[in-house]
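Shown next, in structure tokens, is the structure this report addresses.
Keep in mind that what you see is a predicted model, and the values were worked out from it rather than measured.
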Amino acid sequence: MLNDEYVRAEESPSAKVSAVWLIPIVALVIGCWMLYDYFDQLGSEIKLHLKTAEGIEVGKTFLKSRNVNVGVIESIKLSDDYSAIIATARVSPDAERMLTTDARFWVVKPRIGKEGITGLDTLLSGAYIELEPGRSAVANYEFNVLEHPPVASADEQGIRVVLNSRQAGKLGVGDPVLYEGFTVGRVESTGFDTDKRQAFYQLFINKPYDELVRSNSQFWLASGLNMQLSAKGLDLQVGSLESLLRGGVSFGLPEGRLAGEKVEDGEDHFRLYDSRELASQSLYSQYLEYVMLFDESVRGLHEGASVEFRGITIGKVVKAPLTLQQYGVHGAGLSNGTIPVLVRIELARVFENAESAGLEQLRSEIDRDLGAGLRASLKTGSLLTGALFIDLDLYPDAEPYQAGTFMEYPLFPTKRAGVAEIQKQVGQLISKLNNLPLESTFQGVNHTLENTSAALAQWDKVGQKLEQLLKQQEMQALPGELQNTLREFQGMAQDYGQDSAMYAELQSSLKQLKAVMRELQPLSRQLNEKPNLLIMGADTAADPTPKKAD
């Protein structure tokens with residue numbers, strides 16, 4: 001019974017994990033969270049490609065956006081082909097949304113260029129890399145760093161157009177884009193296409209000025225100061241102060257043309273011309289070429305000289321002279337005395353329907369005008385420079401037109417006029433002056449003066465004798481009318497006497513005439529020796545030639 005009183009103890013399972021293990025588990029969780037938080041705060045890693053690492057230092061060069069630090073350079077190394085620098089940067093998480101395909105990076109450092117001095121604040125703080133966020137939604141983590149700061153920000157509205165030119169170096173990044181002298185944009189980038197062998201310049205034109213760019217717009221260099229001295233006179237054009245210091249590019253519509261369609265961003269390519277005049281001349285793609293043979297000097301006639309019809313420009317000189325080597329082929333030579341000049345008649349300047357009409361039809365109309373007396377002649381455009389131009393006019397009395405060719409070019413008949421015609425007329429005048437009997441004229445004048453003096457002396461003697469006759473008593477008895485007649489005759493004789501005013505005046509006039517004829521003698525001799533003296537003037541003494549030292 002005693003054994004029944006004992007109670008059997010019940011067994012219970014003991015705990016396998018001790019409470020002491022809770023501490024390291026909690027520490028591990030906290031460590032993982034801190035590690036996650038560290039990497040989460042560390043941000044993304046990006047790669048930047050640069051041409052040089054100048055001013056870039058690991059751990060000291062920051063990435064900034066609007067002057068706020070968004071990252072730092074962690075490493076710098078050469079690329080595998082040693083052609084570039086690859087910099088690894090760590091970007092803060094807040095800035096990761098900026099890392100899109102159209103984001104742009106560039107190094108901010110002190111620069112001296114056409115736009116002035118920039119980046120002076122980096123002299124103390126050091127260079128940094130500016131980040132400009134893009135608009136794209138596609139993320140990107142590898143970028144090429146720009147050599148120069150972009151002209152337009154990514155959020156700036158406007159259009160980009162590309163200009164093509166056969167020569168590089170015409171424009172630089174940052175140069176102004178002008179419209180009627182007002183800055184409407186900038187040159188954004190430049191480059192050279194090796195496949196097409198031509199340079200290209202990308203322009204950014206700000207809104208709302210992008211409406212001014214049309215499909216038929218023309219672009220030309222704006223030097224700021226353009227001075228041309230031609231047959232039309234002195235043409236001086238002064239642009240804005242900025243274009244005067246930096247140059248730039250201007251654009252506009254061709255004169256007299258309606259605006260074309262509006263261009264889209266980056267779609268249209270335009271040609272860059274060296275001047276507005278060359279841009280205007282490019283409109284005349286259809287033209288007729290003629291050769292004009294001049295039998296006078298073409299000195300002062302240069303390529304590009306205008307061909308005008310009664311003051312209206314209808315073409316230009318292509319080459320003056322065309323050639324002298326082909327004369328032998330045509331049976332001529334220097335002894336022929338004619339100089340060939342190649343000219344171009346631009347049809348759009350002459351006919352409104354030049355673009356739609358055919359060349360043969362337009363040539364037939366010009367041939368008809370040639371048959372009506374249309375001729376070409378040289379004329380002086382500027383007395384200051386001696387520049388010549390070709391003037392076309394109708395001469396009904398011209399010789400009949402006969403068609404011909406020269407080196408496969410049709411001949412355009414010419415006529416002497418202008419300076420050559422004036423020289424010819426002056427030469428004829430001088431020849432007539434030379435043929436005048438000046439010596440015999442001088443002798444005749446002298447003989448006339450002598451005879452006149454003798455006749456006046458006789459009249460004086462007659463007057464004296466009449467005065468003595470009237471004083472005699474016999475004459476007093478004559479009738480009064482006869483006495484009056486004799487007295488009048490005596491007075492007339494005294495008027496022509498040597499002491500009279502009329503005699504003195506006549507003798508002075510004859511002396512002046514003799515002096516004038518004497519002064520004409522040296523002029524006549526000079527005109528005989530140099531017929532163009534009245535136009536070209538007397539020859540000046542030659543400049544002294546320095547002698548060699550002993």
Side-chain angles (χ1 to χ4, degrees), residues 27-113 115-156 172-174 188-192 194 202 204:
L28 180 61
V29 171
I30 294 175
C32 291
W33 178 82
M34 293 180 64
L35 184 62
Y36 170 78
D37 184 68
Y38 170 77
F39 282 103
D40 185 60
Q41 295 296 326
L42 188 62
S44 302
E45 183 181 271
I46 62 173
K47 290 184 178 182
L48 303 176
H49 296 263
L50 305 93
K51 287 191 174 181
T52 177
E54 180 183 2
I56 307 299
E57 298 184 27
V58 176
K60 295 184 179 180
T61 302
F62 294 94
L63 275 66
K64 295 185 178 182
S65 180
R66 299 184 182 273
N67 211 27
V68 176
N69 292 341
V70 296
V72 65
I73 298 296
E74 290 186 339
S75 66
I76 300 175
K77 67 176 183 178
L78 287 170
S79 62
D80 295 338
D81 57 356
Y82 309 110
S83 62
I85 301 296
I86 300 178
T88 303
R90 184 71 62 175
V91 180
S92 62
D94 295 338
E96 288 186 3
R97 64 180 185 272
M98 301 180 182
L99 303 177
T100 58
T101 54
D102 56 348
R104 295 185 289 186
F105 293 82
W106 67 91
V107 179
V108 179
K109 57 184 179 181
R111 299 177 186 271
I112 301 178
E115 65 277 1
I117 303 176
T118 59
L120 290 179
D121 56 332
T122 61
L123 290 175
L124 299 177
S125 62
Y128 63 89
I129 299 178
E130 181 74 16
L131 165 60
E132 182 183 78
R135 298 180 179 180
S136 174
V138 180
N140 187 34
Y141 298 96
E142 191 167 358
F143 303 91
N144 292 320
V145 179
L146 302 176
E147 296 184 25
H148 301 278
V151 173
S153 60
D155 56 350
E156 193 168 358
V173 176
E188 195 170 39
S189 63
T190 64
F192 191 85
T194 56
Q202 181 172 297
F204 182 82

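- For the residue pair V58 and S75, the shortest heavy atom distance occurs at CG2-CA, 4.0 Å.
- When each of T52, V145, T61 is paired with V107, the side chain to side chain contact (heavy atoms under 4.5 Å, CB included) condition holds for V145 and for no other.
- Residues I86 and H49 are in side-chain contact: their nearest non-hydrogen atoms beyond the backbone lie under 4.5 Å apart.
- For the side chain to side chain donor-acceptor pair (under 3.5 Å) test, residues two or more places apart in sequence or in another chain that qualify with S83 are D81.
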Under the side chain to side chain contact (heavy atoms under 4.5 Å, CB included) criterion, do L63 and F105 qualify, and how do the steps go? CA-CA 9 Å; L63 275 66; F105 293 82; 3.9 Å; yes

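- Side-chain N or O atoms of E130 include one that pairs as donor or acceptor with a backbone N or O of R66 at under 3.5 Å.
- Interatomic distance, L146 CG to L50 CG, rounded to the nearest 0.5 Å: 10.0 Å.
- Between I85 and L48 the shortest side-chain heavy-atom distance does not fall below 4.5 Å.
- Here the closest non-hydrogen pair linking Y128 and K64 is CD1-CD, 3.8 Å.
- Residues R90 and E45 are paired through a salt bridge, judged by an N-O separation under 4.0 Å between the basic side chain and the carboxylate.
- Considering every non-hydrogen atom in both P133 and S65, the closest pair reads CD-OG, 4.2 Å.
- Between the side chains of S136 and T100, no donor-acceptor pair is found at a separation under 3.5 Å.
- Interatomic distance, E142 CD to K47 NZ, rounded to the nearest 0.5 Å: 6.0 Å.
- Closest heavy-atom contact between T101 and A139: CG2-O, 4.3 Å.
- The shortest distance between side-chain heavy atoms of V91 and Y141 does not fall below 4.5 Å.
- F143 has its side chain within reach of L99: a pair of non-hydrogen atoms, C-beta onward, lies under 4.5 Å apart.
- Rounding to the nearest 0.5 Å places OG of S44 at 13.0 Å from CE of M98.
- Nearest heavy atom pair, residue A53 against residue I76, reads CB-CG2, 4.3 Å.
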The test is side chain to side chain contact (heavy atoms under 4.5 Å, CB included); show your working for D102 and V138 and say whether it passes. CA-CA 9 Å; D102 56 348; V138 180; over 6 Å; no

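- Atom NZ in K51 sits 10.0 Å away from atom CG in N144 (nearest 0.5 Å).
- Using a 4.0 Å cut-off between charged nitrogen and carboxylate oxygen, E132 and R104 count as a salt-bridge pair.
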